[in-house]
Number of protein chains: 2
Amino acid sequence: MSTRTDAPTRREQILKEAARLFAERGFHGVGVDEIGAAVGISGPGLYRHFPGKDAMLAELLVGISGQLLTGAKQRLKEADGVAPGVVLDSLIEGHIDFALDDRPLITLHDRELDRLRDSDRKLVRQLQRQYVELWVGIVREVYPDLGEPAARSAVHSVFGLLNSTPHLGRAGSLPGRGATAELLHRMARGALAAAGA
Amino acid sequence: MSTRTDAPTRREQILKEAARLFAERGFHGVGVDEIGAAVGISGPGLYRHFPGKDAMLAELLVGISGQLLTGAKQRLKEADGVAPGVVLDSLIEGHIDFALDDRPLITLHDRELDRLRDSDRKLVRQLQRQYVELWVGIVREVYPDLGEPAARSAVHSVFGLLNSTPHLGRAGSLPGRGATAELLHRMARGALAAAGA
DNA sequence: CAGGGAGGTTAGCGGTCGTTAACCTGATGG
DNA sequence: CCATCAGGTTAACGACCGCTAACCTCCCTG
C-alpha cells in the first residue's frame with residue numbers, strides 16, 4: 001500500500017495549492033503571487049521549483065491522467081478471470097475514490113486542458129484516451145449489445161456523472177462520504193445498464 | 001412557439017461568439033479584441049453594445065439559468081395531472097435539448113460562475129437553485145423512497161451526466177443527434193431509478 | 001438640407017501579470 | 001573555517017489587456 005506519512009515537500013505543497021486555486025478561479029484567474037502566498041513564500045520564489053506557471057498546470061494534468069490510468073490498469077490486472085461485472089465495479093469504485101478525494105484535480109481535469117503546450121496536451125489526451133478505451137472494453141464485455149460508439153458515449157456520460165462531486169454541497173450537507181460513494185456507484189451502474197438495452 | 005427567423009442583431013452575434021470563445025479558452029483567456037474580431041468589428045467597438053466584458057458574461061449566465069428555469073416551469077404547467085414519470089421525462093428532454101443545442105452555454109454554466117459580480121452571481125445561483133428544487137420535487141414524486149438530500153445529490157449527478165455533451169466527440173463521430181438524445185435520456189432514467197432503491 | 005444619434009475607427013493610458021536579475025542567508029560538507 | 005548551494009528576498013522590465021478618448025461616417029428625420 002505504501003501510504004505516505006512523511007511531510008510533504010515544498011514542491012508538493014505548491015502543486016496542491018495551485019490545484020486548489022486553479023480549480024477555484026481558473027488558470028488565468030490566479031497569479032503566481034497568490035500561489036506563492038498560499039505556501040508562505042512570495043511570488044518569484046516559485047521559480048526555484050518550477051520553470052514557470054504553465055509547468056505547474058502541466059504537471060498537475062499529466063499527473064491526474066496518469067494516476068487514473070495506472071490505477072485502472074492495476075485494478076484490471078488484479079482482477080484477472082473474475083466476472084466482468086465485478087471488474088466494472090472496481091473501475092467505478094476507483095474513479096469515485098478519486099473524484100471524492102481530489103475534487104480540485106477532477107475539476108481541472110476537464111476544464112483547463114486547453115491551456116497546455118501542444119506536446120503536454122497531446123500527452124494528456126493520449127492518457128485520457130487510453131483510460132476511456134479501457135472502460136469501453138469492460139463495459140462492452142458486460143453489455144455485449146452495446147455498439148462501440150454508443151459505449152464510448154455512455155462512458156463519457158458516466159464520467160460526467162461521477163465527476164459531478166464538486167457540485168455536491170461544498171459544505172457538509174451531503175450525507176457522509178460512504179453514502180455518497182454508494183449512491184454514485186449505484187447510479188453509474190444504473191445508467192450503464194439502461195444504456196445497454 | 002414563436003421560432004425566430006429574423007436576422008440576429010449585432011448584440012446577439014456578440015453574445016453567441018463570446019459564449020463560444022469563453023467556453024473554448026476561459027473568460028480570462030479571451031480578449032475583447034478577439035470577441036470583436038469574431039463578429040467583424042474590432043475591439044472597443046463592443047462598448048457600443050455592452051458596458052464591459054463582465055457584462056457579456058453576466059448576461060450569458062443569467063440568460064442560461066433563466067431559460068432553463070422558465071422552460072422547466074412551462075413544462076411543469078403544461079403537464080398538469082399527468083403521471084409524475086411523464087413529467088420527469090419532459091424535464092429530462094428539455095435539459096437534453098438545451099445541452100445538445102447550446103453546448104458552449106452549458107460549458108460556461110458551471111465553469112465561469114465565479115467570475116461574476118456578487119449581485120449577478122447571487123441571481124444566477126438563485127435561478128439554479130430553483131431549477132434544482134423543481135427537479136428534486138418531481139424526482140421525489142416518482143421515487144418516494146428517496147430522501148431529500150439523496151434526491152438533490154442524484155439530481156446534481158444527473159445534470160453532470162446530461163451536461164457531458166461537450167465531451168462527446170466534437171467531430172461528427174457520435175451516432176446522430178436523435179440517437180444521442182435517446183441514449184442520454186435512457187441513462188438519466190436508469191441512474192435515477194438506481195438511486196431510488 | 002441641417003443635424004444628431006447609432007455604430008464604427010485608431011491611439012493611448014493605467015494596471016496587472018509572468019518572468020528575470022541581483023542579492024541575501026543559513027545549512028552542509030571537505 | 002571557508003565554499004557552495006538550495007531556497008529565499010525585492011526591484012523592475014516588458015507584454016498584454018480592459019477600457020476611455022477623440023474622431024469619423026452614414027442614415028434618418030424635422
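To find a chain, count down the sequence lines: A is the first, B the second, and so on, and within it residues start at 1.
- When the side chain to side chain contact (heavy atoms under 4.5 Å, CB included) test is applied to Lys122(A), no partner is found at least two apart in sequence or on another chain.
- In terms of the side chain to side chain contact (heavy atoms under 4.5 Å, CB included) criterion, residue partners of Glu182(A) (sequence neighbours excluded) are, by chain and number, Arg186(A).
- Scored by the side chain to side chain donor-acceptor pair (under 3.5 Å) test, Arg11(A) finds Glu59(A) as partners (sequence neighbours excluded).
- Residues that satisfy the side chain to side chain donor-acceptor pair (under 3.5 Å) test with Asp118(A), not counting sequence neighbours, are Arg121(A).
- With sequence neighbours left out, the side chain to side chain donor-acceptor pair (under 3.5 Å) criterion links Glu148(A) to Arg152(A).
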Please table the atom pairs, donor to acceptor, closer than 3.5 Å between any side-chain atom in residues 89-96 of chain B and protein atoms at least two apart or in another chain.
unit_1   : atom_1 : unit_2    : atom_2 : d
Asp89(B) : OD1    : His185(B) : NE2    : 2.8
Asp89(B) : OD1    : Arg189(B) : NH1    : 3.0
Asp89(B) : OD2    : Arg189(B) : NH1    : 3.4
Ser90(B) : OG     : Arg75(B)  : NH1    : 3.1
His95(B) : ND1    : Tyr131(B) : OH     : 2.7
His95(B) : NE2    : Asn163(B) : OD1    : 2.9

Test side chain to side chain contact (heavy atoms under 4.5 Å, CB included) applied to Ser153(B) and Thr180(A), step by step: CA-CA 8 Å; Ser153(B) 291; Thr180(A) 301; 5.5 Å; no

Show the distances under 3.5 angstrom between N or O atoms of the protein and N or O atoms of nucleotides 24-28 of chain D.
none

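- In this structure, the side chain to side chain contact (heavy atoms under 4.5 Å, CB included) partners of Ala193(B), at least two apart in sequence or on a different chain, are Tyr143(B).
- Between Arg11(A) atom CZ and dG7(D) atom C1' the separation is 14 Å, expressed in whole Å.
- In this structure, the side chain to side chain donor-acceptor pair (under 3.5 Å) partners of Arg115(B), at least two apart in sequence or on a different chain, are Glu112(B).
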Identify each donor-acceptor pair in which a side-chain atom of residues 38-54 of chain A lies under 3.5 Å from a protein atom, sequence neighbours left out, and give them as a table.
unit_1   : atom_1 : unit_2   : atom_2 : d
Lys53(A) : NZ     : Phe27(A) : O      : 2.9
Lys53(A) : NZ     : Val30(A) : O      : 2.9

Letter per nucleotide, 5' to 3', of nucleotides 8-21 of chain D [B base touched, S only sugar-phosphate touched, - untouched; heavy atoms, 4.0 Å]: BBBB------SBB-

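- Between chain A and DNA chain C, the heavy-atom contact criterion of under 4.0 Å yields a 5' to 3' nucleotide range of dG18(C) to dC23(C).
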